[in-house]
Every structure is written in structure tokens, then in C-alpha cells.
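Worksheet: the structure to be examined is printed underneath.
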Number of protein chains: 2
Amino acid sequence: MDTNPPDHSINFCQACAIRNRAICADLESAEIDLLNKIGSRRRLKPGEQILWEGEEAVLVANVIEGVLKLSTQTVDGKEQILGLAYPSDFLGRPFGSTTPYGVEALSDAHVCTFRRSDFERFAREHPRLEHKLLERTLSELDRTRRWMLLLGRMNAEQKLASFLLETSERLTPADCAFTMDEAPMQFTLPLTRQQIADVLGLTIETVSRQFSKMKKDGLIDLPTRREVTILERAALEDLAG
Amino acid sequence: MDTNPPDHSINFCQACAIRNRAICADLESAEIDLLNKIGSRRRLKPGEQILWEGEEAVLVANVIEGVLKLSTQTVDGKEQILGLAYPSDFLGRPFGSTTPYGVEALSDAHVCTFRRSDFERFAREHPRLEHKLLERTLSELDRTRRWMLLLGRMNAEQKLASFLLETSERLTPADCAFTMDEAPMQFTLPLTRQQIADVLGLTIETVSRQFSKMKKDGLIDLPTRREVTILERAALEDLAG
DNA sequence: CGTCCTGTTGAGGTGGGTCAACATTCGTGG
DNA sequence: CCACGAATGTTGACCCACCTCAACAGGACG
């Protein structure tokens, strides 16, 4: 495994690409220095796992780059992806003893990890960090609840349309100047068809068929398996509801 | 509407039935007095709504007694219940501008409400409260993610079995001495068939058929529409997976 | 060039949705 | 207390969206 050893020669947090969006956003310079001291960075390859469902929760982390999946399994082995983590998202379960889901990198990824005990101590001593984490957790809960509507009440077409729209938005950095309202936009899916199926609660065949249908209908183009071009965003939004 | 005016003649929080489970659990006596001053109690009838999806978030609340539902609707009018709130659960969206879901009482209910701005100010001044809220939100996020597995990957039978087990547990106060491991246990459903369907992402007919099937198979009994007796808990757990 | 892996497409089956008739319970007012 | 109508729940018949199984296609990589 290429777990890089902690390197404190420069202050990572200060320079961090996601600094103004992550939980450390509101901290003061001195606090950031401290946080930097207890964290270490780690690079992950696609498929590499950093948290295991049910294991003792020893790590928490911040996503700096890449996409990761949070997932769990049914007794009969079917997987359900519980969520995707993008840059600035928080991973792990502070203030709880076991990690409730597995976390695996989908793309090359870069995370900032903390020993849970270190992180918790720091959080308790710095209410501002804890407040930021609370806001983030509340937002994540909102997002997760919206996803329940998708799983419980949408058909395959609506699910895929919603997924493509959400993915295109989350892959576009928030500070990006181009709003791209109606412009065709292209991106690389961080997931295989199987993983998309696991996110949407569908089978791989159904996902594939819906992709083909949307392409035939001219809503999207599929230059390669992993590339998607949204041609008719408004139409997709109609489908998604 | 029978909105009771705030009544500060006695200190509600100190005497509160859910005091040791709710977010105020770790507060000191003096803090509780303060919190008590900014909150007011309110009784709700079944069907009465206290938060509306999309409206400006002006209230947050703690459930003291009863069961409430959090829900949202699709464009085509189908409802999806996002969660149920039981005593000691927290309602509303602090640190956000709009309430992301509607909240309606399912049974006679009793809540302790705060103006969001008051609550937020209090929380920021009392990190212990904020910490408690964070822990609660993290747990709720875990619970919600487990529910996603149910919605995305379970069939009707598994969904209903899981629902009955969870409901029986949440209706049994945690401090109840009887663990009732294998004993037959009875409880009153706080939801109509339609609402159960909305929780599970099913239709009312499918819910009804699954109830009938479980009764025929001797797993449960249904003395009245609202009463359920679990006869074979182990078998239900097998079904739920 | 062959093997492996991922994705696509087709054919057919089925779980649960839809529509409809009926049953039961509840609420209201006589 | 009963009578009536409305609301809620049950059951049956049918259908369709999605799942299952299976064959095949296209890259990636040795």
C-alpha cells in the first residue's frame, strides 16, 4: 500500500485546495496549524478501501480529491451504495464506536485522515470546528433524505436522470465561473454501470437500457463508456421531476 | 389551533419525561433553566402539521410524546415519508434557511418548540448542547442510511418485517425493564396503511396483502387495524434479513 | 491473437402496481 | 342507540416495469 507517511514540512491545511469548503473553513490560522499536526494525508487507488463496515471506528477523514463510495450489503450479498463522497466531504463516524458503512475509493483519491480520538479531542476543544461538522452533517442528512425519495418513489428513468444531473453538479467545482445552464456539458463518470446500479437500487441491465434510451432520444451522448455529454439538460430535469 | 401559550410557572425541562435522552441531557441545571425560558410547549392532534416543506425555517422542536412523520412529495404528488420522529427526537433544520421536509403529527403529540434564532444563539453559547445535537444528527444520518438499504434493495415482505421490528423497538421505551426477547408483544401502530406504504415505498394494497400473508403464516396477529401482535419475532427477523 | 472484464441487447418471467369491487370501522346526527 | 355515509382497509384480476438469464460485443492487456 502506498500510505504516505505524515509530512509536516509544509502546512497542508493552509494550502489545501478545498480549504474554504471543508470543515476547517472557519478556523483561525493557529487552529489550522494544530489540526494539521494531527492529520496525515493519504492517496488511494480506485478500489482501495479505507473504512470497513462494522469495524471499530478508528479513523475519520476529509476528502480532498476524487470520489469515494459509502456502501453496505444485504444478507444475501446485494450491495447498496449509501452515498458518494466528493472533495470537502467528511468521512467516518466521530462519537460512535463502529463505522456504519464501508468506504472505498472509486477514482484516484486524496484524503486527509485523523485518528478518531485525536479528532474528537480537537473538536471538543474547538467548538467552531464542531459547529462546522454539525452544519455539514445536517446538510448530508438533508441530501440523504432526498435520496430516499429517489429510491422509494422514482422509476428507472427518473432515477438515472436525477443521478446524471447530481453527478454533473457535484463534479463541477462550486467556485467554477461557468454556470453552464443550458450549455452541453461533458464529464467522466466515476462509477461503473454496476456501481451506478447499486446507487440507484437497480440492476446493471436496467441502467444500461436507460442509458441507451436517453442516447437514442438525444438527451445525452456517450462518447465512451465512462464519458457522458448532457445535450438536453432541461429535458433531463423534466424527467427527474 | 390549540397552541398553548408558553407557561414558565414550573421548569418543564427539569421535569421532562425525556430529559435524560433528549439533546438537553448533558446540560447543567442553570443551563436547563435558560433553555426552558426560550422554549414553549405545544400539543398536537393527529394530522396537525408544525413544519412545512420549503417554508422558511422559523421553528425547531423536541418531541416529548407521540409520533410524527417527516415527509416530502414528488412532482406527481406521490408522498415519501422520510422518517418518523419519536420522543426525544429533534425536529427542524437549525443553521439552514428552509425546512427541507414537512412535519405532521400522527398521534396526539407533545413537543417543545424553540424559535430557531433563539435556539441557534443558545447552541452557539453552549457547546455542550451543540455537541449533543451533533451526536444526535450523526445517529439520525446512520439510521437514515440504513433505511436507504431497505428502500433500494428489499422486497415488500422484507420491508414490512423490518418496519414492524423497528416500530416495536421504538415504541418500547429504552429504559423499559422488559426486554421481551422472545415474548409475544403487542403495540398500536401510529400509522395508517397508507402511511406505512409511504414509509416503505409501496402501495397500500401491497402493504395490506403482506399483512394478511404474515397473519396467515402465524408470524403476527392483527386484533384490530391498528393493533399488531408479534408472535414469531425470530421469524420476522429472518425475513427482515 | 486470445482472454478477461465491462457493457449491451434480447427474450421471458414476476413482483408489485393499478383498477375495481367489496368489507369494515368510524364519525355524525337523529 | 342506531342509521347512514365517509373513510379506511381487504381482496381479486390484470398488467407492466423491472429483474433474471443468456448470448454477444467491444476494449484493455498480456
Side-chain angles (χ1 to χ4, degrees), chain A residues 45-47 69 74 76-81 106-107 150-164 188-217 220-228 239 241, chain B residues 45-47 69 74 76-81 104 106-108 150-164 188-217 220-228 239 241:
Chain A
K45 294 259 158 239
K69 67 166 193 192
T74 52
D76 49 334
K78 280 183 286 191
E79 181 165 17
Q80 174 68 49
I81 292 186
L106 295 176
S107 63
L150 176 145
L151 289 174
R153 290 299 186 204
M154 288 188 183
N155 62 28
E157 184 176 55
Q158 294 172 314
K159 285 179 177 180
L160 188 58
S162 302
F163 170 77
L164 290 175
T188 301
L189 289 170
L191 295 82
T192 64
R193 295 287 186 271
Q194 180 61 61
Q195 287 162 344
I196 295 172
D198 291 336
V199 169
L200 301 179
L202 297 171
T203 58
I204 186 174
E205 296 94 330
T206 301
V207 171
S208 186
R209 278 187 253 271
Q210 291 299 331
F211 264 119
S212 301
K213 180 159 175 296
M214 285 182 185
K215 181 175 177 179
K216 183 166 69 65
D217 295 349
I220 60 173
D221 192 25
L222 301 167
T224 73
R225 304 171 157 195
R226 288 294 189 121
E227 299 284 319
V228 179
L239 285 187
Chain B
K45 295 258 157 238
K69 67 168 192 191
T74 52
D76 49 334
K78 281 183 286 192
E79 181 166 17
Q80 174 68 49
I81 293 186
E104 178 186 318
L106 295 176
S107 62
D108 280 310
L150 177 144
L151 289 174
R153 290 299 185 205
M154 288 187 183
N155 62 27
E157 184 176 54
Q158 294 172 314
K159 285 179 177 180
L160 188 60
S162 302
F163 170 78
L164 290 174
T188 301
L189 289 170
L191 293 83
T192 64
R193 294 288 186 271
Q194 180 62 60
Q195 287 161 344
I196 295 171
D198 290 337
V199 169
L200 300 179
L202 296 171
T203 59
I204 185 174
E205 294 94 330
T206 301
V207 171
S208 186
R209 278 187 255 269
Q210 292 298 331
F211 265 118
S212 302
K213 180 157 176 296
M214 285 182 184
K215 182 175 177 179
K216 183 167 68 67
D217 295 349
I220 60 173
D221 193 25
L222 301 166
T224 74
R225 307 172 154 193
R226 289 295 189 121
E227 299 284 319
V228 180
L239 285 186

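Every chain is numbered from 1 and lettered A, B, ... according to where its sequence line falls, protein lines coming before strand lines.
- Rounded to a whole Å, the CZ atom of B:Arg153 is 8 Å from the P atom of D:dC19.
- In this structure, CD of A:Glu205 is placed 14 Å from P of C:dT6, rounded to the nearest angstrom.
- The CD-C1' distance, from A:Glu157 to D:dC16, rounds to 15 Å in whole Å.
- The structure places CZ of A:Phe211 at 5.0 Å from CG of A:Leu164, a figure rounded to the nearest 0.5 Å.
- Residues B:Pro223 and A:Arg226 both approach DNA chain C. Their nearest nucleotides, taken by heavy-atom distance, put A:Arg226 toward the 5′ side.
- For A:Lys215 and C:dT9, the NZ to C1' distance is 14 Å, given to the nearest whole Å.
- A heavy-atom distance below 4.5 Å is found between the side chains of A:Lys215 and A:Asp221.
- Both A:Gln194 and B:Asn155 sit near DNA chain C, but only A:Gln194 has its closest nucleotide nearer the 5' end.
- The NZ atom of B:Lys213 sits 15 Å away from the P atom of D:dG12 (whole-angstrom rounding).
- Judged by distance alone, with hydrogens and angles left aside, the side-chain atoms of A:Gln80 form a donor-acceptor pair with the main-chain N or O of A:Asp198 at under 3.5 Å.
- Residue B:Thr192 places none of its side-chain N or O atoms closer than 4.0 Å to OP1 or OP2 of D:dT8.
- Within the 4.0 angstrom heavy-atom criterion, only backbone atoms of the sugar-phosphate kind lie near A:Ser212; the bases stay farther away.
- A straight line from CZ of B:Arg193 to C1' of C:dG16 spans 18 Å, rounded to a whole angstrom.
- Using modelled atom types, one side-chain atom of B:Arg193 and one backbone atom of B:Arg225 make a donor-acceptor pair closer than 3.5 Å.
- Neither OP1 nor OP2 of D:dA17 sits under 4.0 Å from any side-chain N or O of A:Thr206.
- Atom C1' of nucleotide D:dG26 and atom CZ of A:Phe211 are separated by 17 Å, given to the nearest angstrom.
- B:Leu202 contributes atom CG, which lies 12.0 Å from atom CE of B:Met154 (distance to the nearest 0.5 angstrom).
- Between the side chain of A:Arg209 and the base of C:dG10, at least one donor-acceptor pair of N or O atoms lies under 3.5 Å.
- Contact annotation for B:Arg225: base contact, defined as any heavy-atom pair under 4.0 Å involving a base atom.
- One atom, CD1 of B:Ile204, and another, C1' of C:dC19, lie 14 Å apart when rounded to the nearest Å.
- Within the structure, a side-chain polar atom (N or O) of A:Thr203 is placed less than 4.0 Å from OP1 or OP2 of D:dC19.
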